[in-house]
Amino acid sequence: MSLANVVVIGAQWGDEGKGKITDLLSRSADVVVRYQGGVNAGHTIVVDSKVLKLHLIPSGILYPETICLIGSGTVIDPKVLLKEIDMLKENDIDIQGLQLASTAHVTMPYHRLLDQAIEQRRGDQKIGTTGRGIGPTYADKAERNGIRVIDILDEQKLHERLDGPLAEKNELLERVYGVKPLQNEEVIKEYLHYGERLAPHVVECSRAIHQAARNKKNILFEGAQGTLLDLDHGTYPFVTSSNPVSGGACIGAGVGPTLIDRVIGVAKAYTTRVGEGPFPTELQGSLNDQLCDRGGEFGTTTGRRRRCGWFDGVIGRYAVEVNGLDCLAITKLDVLDELDEIQVCIAYELDGKTIEHFPSSAQSFANCKPIYKTLPGWKCSTEDCRKLEDLPSTAMNYLRFLAELMEVPIAIVSLGASRDQTIVVEDPIHGPKRALLSS
């Protein structure tokens, strides 16, 4: 499979199966770059019956010759990162290719405490954060008050960067939220230890990527979460604190848009959402439970049960637009195998009018009622299909309908968690752009 410089993004609310698709494409990549998010993201890779759960390290780490770079746009919890490193070593996976941007910001203990305290105080207005400290870490970054990887490599620098902010955070934790303050020396000792262990992996992010580009290496940029959780373009305020959309790859990795050759979107054959916020196609009752149970819809990071619904073509088309998608990977088609009929949202009804666009107002979005197209199910297993011609005709018709609705071709179809449960329709990088649009 040929590869150029490619961005892989989630085209829904995250949890679309990007880990598996990134793993598939990483076979041909020289460098895989994670460009945003933190340990609030997670993906599960199944290799030789082993289930590996990763939060920060790109799935390309499973290929010994691949460089895996955690970019400047990420926020890293070094304790979690080191646990991932140890887990990979225990599974005899070589981590020599792991690189960490010196300018990535670090999630500190007070970020986690503040995240949890703030979310608890929101009460009925909670956003549904993971409580992992991601939002407060990005907030400190924006306020120019953050700690970066380079700071935890030097004791004097860490003192200079941490003494003031920690005193301020302690006052906030104790007086406002009633949380026990942190001890300065304990925090510094802990994070210097993390820095010592991570030091062999630390690089200058942009320089490393551009050196790879000059050497004609194939670079894969991997986003976390999904388009509808983007801070600027998602269902605000029920969003993450960074930019998962394809444009975020340029900022988070430190490259210009001319370096990107293609953008691949990953979407489930239905839709899921974790946490709070409007969800027009959400199902209730037995259908929701059936999709959740068959799809194993529990968060990699939190273990929370995901909310399930029908495929939403309105947010799908929106994802195509804001990301500039060239093609799609559709995952978990097999989850729909037992259904008599399947519905797809083709538009919304809002205030008595039909709209085909994603509304920017959260209140308007919450008031949208889905308008559905009903398609027949195929009522047979697709798990063993390895070519398009193996699929039932009704399953093929469903895929064609999604491709026509979103106006981009489907290049990959995933039918289970294992690597081999995949149909590669066309080369997702250089293949024809109308692969599944023709009848």
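Position 1 is the first residue of the sequence; numbering continues from there.
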message = Does either side chain, that of Ser414 or that of Lys20, offer a donor lying less than 3.5 Å from an acceptor on the other one?
response = yes

key: Distance-only polar pair, side chains of Gln156 and Glu160, donor-acceptor under 3.5 Å   = yes

Should [X] and [Y] count as side-chain neighbours, where that means a heavy-atom distance under 4.5 Å?
| X | Y | value |
| --- | --- | --- |
| Val106 | Tyr191 | yes |
| Ile152 | Ile188 | no |
| Val7 | Tyr35 | yes |
| Leu328 | Leu402 | no |
| Ile93 | Leu52 | yes |
| Leu88 | Ile57 | yes |
| Ile67 | Gln99 | yes |
| Asp30 | Leu220 | no |

inquiry  = Is it the case that the side chain of Asn170 and the backbone of Pro181 share a donor-acceptor pair, with hydrogens and angles ignored and the cut-off at 3.5 Å?
reply    =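 Flag not set: sc Asn170 to bb Pro181 has no pair under 3.5 Å.
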
Under 4.0 Å between a side-chain nitrogen and a carboxylate oxygen: does that hold for [X] and [Y]?
| X | Y | answer |
| --- | --- | --- |
| Glu282 | Arg307 | yes |
| Glu65 | Arg27 | no |
| Lys268 | Asp312 | no |
| Lys387 | Asp390 | yes |
| Asp15 | Lys332 | no |

Can you sort out the partners of [X] under ring pair (Phe, Tyr, Trp, His ring centres under 6.0 Å), two or more places apart, ordered by chain and number?
| X | result |
| --- | --- |
| Phe401 | none |
| Tyr63 | none |
| Tyr398 | Trp378 |

task = State which residues pass side-chain hydrogen bond (donor to acceptor under 3.5 Å, both in side chains) with Arg386; sequence neighbours excluded, sorted by chain then number.
result =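 For Arg386 there are no side-chain hydrogen bond (donor to acceptor under 3.5 Å, both in side chains) partners, ignoring immediate neighbours.
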
Qualifying residues under salt bridge (Lys or Arg N to Asp or Glu O under 4.0 Å), relative to [X], sequence neighbours excluded:
| X | result |
| --- | --- |
| Asp154 | none |
| Lys18 | Glu16 |
| Glu338 | Arg294 |
| Glu383 | none |

message = Just checking Gln211: does its CD atom have more than 12 heavy atoms from other residues, nucleotides or ligands closer to it than 6.0 angstrom?
response = yes

query = Can you pull the ring pair (Phe, Tyr, Trp, His ring centres under 6.0 Å) pairs that have at least one residue in residues 77-114, sequence neighbours excluded?
reply =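 Listed by first then second residue: nothing to list.
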
inquiry  = With ring pair (Phe, Tyr, Trp, His ring centres under 6.0 Å) as the rule and sequence neighbours excluded, what pairs involving residues 239-279 come up?
reply    = Trp13-Phe279

ask   = How are the rings of Phe358 and Phe365 set relative to one another: parallel (under 30°), tilted (30 to 60°) or perpendicular (over 60°)?
value =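 Phe358 and Phe365: perpendicular rings.
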
message = Could you measure the distance from the OG atom of Ser102 to the CZ atom of Arg207? Nearest 0.5 Å is fine.
response =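 That separation rounds to 11.0 Å.
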
request  = Hey, could you give me the CG/CD1 distance between Leu25 and Ile264, rounded to the nearest 0.5 Å?
outcome  =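 Rounded to the nearest 0.5 Å, the CG-CD1 separation comes to 5.0 Å.
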
Determine all donor-acceptor pairs shorter than 3.5 Å in which one atom belongs to a side chain in residues 240-247; sequence neighbours excluded.
residue	atom	partner	partner atom	Å
Thr240	OG1	Asn40	ND2	3.3
Ser242	OG	Gln36	NE2	2.8
Asn243	ND2	Asp230	OD1	3.0
Asn243	ND2	Asp230	OD2	3.3
Asn243	ND2	Asp232	OD2	2.9
Ser246	OG	Asn323	O	2.8

request  = Please collect all salt bridge (Lys or Arg N to Asp or Glu O under 4.0 Å) contacts where either partner lies in residues 70-87, sequence neighbours excluded, each pair once.
outcome  =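 Listed by first then second residue: Asp77-Arg112, Asp86-Arg197.
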
message = Checking Ser26 against Thr66 for the side chain to side chain donor-acceptor pair (under 3.5 Å) test, could you report, in this order, the C-alpha distance in whole Å, the side-chain angles of both residues, the deciding distance, and whether it holds?
response = CA-CA 8 Å; Ser26 294; Thr66 302; over 6 Å; no

